[in-house]
Protein chains: 2
Amino acid sequence: MNKIAGKIDGEQVIVVMGQVFSRSNCPVRDVIDNIGGKWNTLMILALAEGPMRFSALRRLIPDISQRMLTQTLRDLQRDGYIDRTVFPTQPPSVEYRLTPLGQSFLSLVKQLVDWSTEHHAAIRAARTAYDAREL
Amino acid sequence: MNKIAGKIDGEQVIVVMGQVFSRSNCPVRDVIDNIGGKWNTLMILALAEGPMRFSALRRLIPDISQRMLTQTLRDLQRDGYIDRTVFPTQPPSVEYRLTPLGQSFLSLVKQLVDWSTEHHAAIRAARTAYDAREL
DNA sequence: TGCGGAAGTTACTTTGAGGGAACCGGGCCA
DNA sequence: TGGCCCGGTTCCCTCAAAGTAACTTCCGCA
């Protein structure tokens with residue numbers, strides 16, 4: 001069995017697929033934090049339909065609060081998944097659209113959606129079986 | 001623009017890729033909750049190296065607490081990603097291994113890792129640029 | 001006889017993601 | 001002139017995820 005974790009310069013390190021990852025420089029964390037957020041993937045999927053304005057997104061996803069909508073959009077913008085463009089109309093309107101990076105990420109999200117729908121039944125079955133055993 | 005969200009029987013619903021998802025029956029949520037957990041994907045990757053015992057996993061991932069190791073393994077077992085086998089040796093030893101479902105999920109995780117490493121630089125650059133603008 | 005490993009459990013605490021509600025300035029419109 | 005829409009911001013609160021630490025049972029070993 002080959003070792004996949006250890007310490008370098010006192011920092012915890014793990015080796016996956018031949019690559020070294022540490023906590024302070026972990027590419028996967030950066031991405032998982034976006035996938036894991038409650039609204040982030042949904043936002044990406046919404047914007048996959050085309051560029052949209054703030055209020056359009058609100059109408060599209062009525063469950064999200066204004067606060068979380070703003071925050072999610074900022075987070076995605078910060079990491080380069082979406083672009084924010086202000087048009088100097090009266091009143092000013094703001095448009096959000098996927099960047100090329102966002103488009104690329106979208107294909108990953110789509111695979112996630114595909115896998116999930118394909119294996120959802122198996123997961124639910126496993127869960128039910130497990131819970132039945134644990135009575 | 002086509003509508004991708006609305007209500008059915010009073011429950012919030014969203015349509016993605018031609019499929020209807022609701023909060024109470026959302027395949028993607030079940031999977032994202034596993035991807036999003038702090039240790040879950042790492043555990044899957046660790047077990048990709050082969051079946052392992054509890055203490056081997058502890059040694060492999062020294063940063064995880066015993067409590068979180070147990071909990072993560074239970075969560076993954078519950079959803080059918082891993083199997084837990086007790087061998088009646090003295091003292092009893094317990095082995096964890098990926099199920100076929102877990103193997104299938106692993107390929108998804110690997111794609112995530114690949115995408116992340118490939119686009120990590122772009123993400124960090126976007127972040128730096130954003131933060132510089134927001135001073 | 002008491003130490004340590006294996007595989008946990010239990011109780012307590014901390015952290016931060018997310019939710020709710022109110023507020024804001026500018027313009028438009030009736 | 002008093003609302004309403006647009007695109008937010010601010011404050012406060014809650015709850016669940018994660019961390020810390022101590023305890024456990026069974027065994028072998030020296």
Side-chain angles (χ1 to χ4, degrees), chain A residues 1 12 23 26 28-43 46-47 51-79 82-97 130 133-134, chain B residues 1 12 23 26 28-43 46-47 51-79 82-97 130 133-134:
Chain A
M1 188 209 314
Q12 187 55 44
R23 193 49 61 100
C26 181
V28 185
R29 259 302 131 204
D30 282 346
V31 176
I32 283 184
D33 287 348
N34 275 298
I35 277 195
K38 182 165 180 182
W39 301 105
N40 298 5
T41 50
L42 189 54
M43 198 63 59
L47 289 174
M52 265 182 233
R53 299 178 49 182
F54 189 86
S55 44
L57 287 167
R58 274 190 70 182
R59 262 175 269 116
L60 211 55
I61 312 172
D63 279 0
I64 197 172
S65 69
Q66 215 157 342
R67 185 188 167 295
M68 285 315 294
L69 178 55
T70 308
Q71 186 178 307
T72 304
L73 289 168
R74 287 292 175 283
D75 288 349
L76 291 175
Q77 186 193 354
R78 179 167 186 264
D79 281 12
I82 64 178
D83 258 343
R84 178 178 183 272
T85 316
V86 182
F87 293 102
T89 56
Q90 263 333 328
S93 63
V94 181
E95 193 186 75
Y96 295 93
R97 66 170 67 229
Y130 181 93
R133 213 179 306 139
E134 293 296 306
Chain B
M1 188 207 319
Q12 188 54 43
R23 192 50 59 100
C26 179
V28 185
R29 260 299 131 206
D30 282 346
V31 175
I32 282 185
D33 286 347
N34 275 298
I35 277 196
K38 182 165 181 183
W39 300 107
N40 297 4
T41 50
L42 189 54
M43 197 65 57
L47 288 174
M52 264 180 234
R53 298 178 50 182
F54 189 86
S55 44
L57 287 167
R58 274 190 69 181
R59 262 174 271 119
L60 211 56
I61 312 172
D63 279 0
I64 196 173
S65 68
Q66 214 157 341
R67 184 186 168 291
M68 286 314 294
L69 178 54
T70 308
Q71 188 179 305
T72 303
L73 289 168
R74 288 289 176 285
D75 288 349
L76 291 175
Q77 186 195 354
R78 177 164 187 264
D79 280 12
I82 63 178
D83 258 344
R84 179 178 181 271
T85 318
V86 182
F87 293 101
T89 56
Q90 263 332 328
S93 63
V94 180
E95 194 185 75
Y96 295 92
R97 67 171 68 230
Y130 181 92
R133 212 177 308 140
E134 293 295 306

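Just so we're on the same page: letters track the sequence lines, and every chain starts at 1. Keep in mind that what you see is a predicted model, and the values were worked out from it rather than measured.
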Q.
In whole Å, I'd like the distance from the CG atom of B:Leu57 to the P atom of C:dA6.
A. 12 Å
**Q.** Sequence-distant partners of A:Ser93, side-chain contact (heavy atoms from CB on, under 4.5 Å), two or more places apart
**A.** A:Arg53, A:Phe87, A:Thr89
Q | Residues which pass side-chain contact (heavy atoms from CB on, under 4.5 Å) with A:Asp83, listed by chain and number, not counting sequence neighbours | A | A:Arg97, A:Thr99
Q. Hey, which of B:Gln66, B:Arg67, B:Met68 is the one that makes side-chain contact (heavy atoms from CB on, under 4.5 Å) with B:Ile64?
A. B:Met68
Q) Excluding sequence neighbours, so at least two apart, what forms side-chain contact (heavy atoms from CB on, under 4.5 Å) with A:Asp33? A) A:Arg29
Q) Which residues pass the side-chain contact (heavy atoms from CB on, under 4.5 Å) test with A:Arg74, sequence neighbours left out? A) A:Thr70, A:Gln77, A:Arg84, A:Tyr96, B:Tyr130
Q. Which whole-number value in Å describes the distance from A:Met68 CE to C:dG20 C1'?
A. 13 Å
Q. To the nearest Å, how far apart are B:Gln71 CD and D:dT20 P?
A. 14 Å
Q: Quickly work out the B:Phe87 CZ to D:dC27 C1' distance and round it to whole Å.
A: 19 Å
(Q) If I take atom CZ in residue B:Arg29 and atom C1' in nucleotide C:dA17, what distance separates them, rounded to the nearest angstrom? (A) 12 Å
**Q.** Nearest-Å distance for atom pair CD1/C1', residues B:Ile64 and D:dG19
**A.** 11 Å
Q: Would you give the length of the straight line joining atom CG of B:Leu73 to atom CD1 of B:Ile82, rounded to the nearest 0.5 angstrom?
A: 4.5 Å
Under 3.5 Å, which protein N or O atoms sit close to an N or O of nucleotides 14-16 of chain C? Give each pair with its distance.
none

Q. Can you give one letter per nucleotide of nucleotides 3-11 of chain D, going 5' to 3': B for a protein heavy atom under 4.0 Å from the base, S for sugar-phosphate only, - for none?
A. ---SBBBBB
(Q) Test of understanding: with side-chain hydrogen bond (donor to acceptor under 3.5 Å, both in side chains), list the residues that count as partners of A:Asp75, not counting sequence neighbours. (A) none
Q: Specify the closest pair of heavy atoms between A:Asn34 and A:Asn40, including all atoms of both residues, with the distance to one decimal.
A: O-CB, 2.9 Å
Q. In whole angstrom, what separates B:Ile32's CD1 from C:dG18's C1'?
A. 16 Å
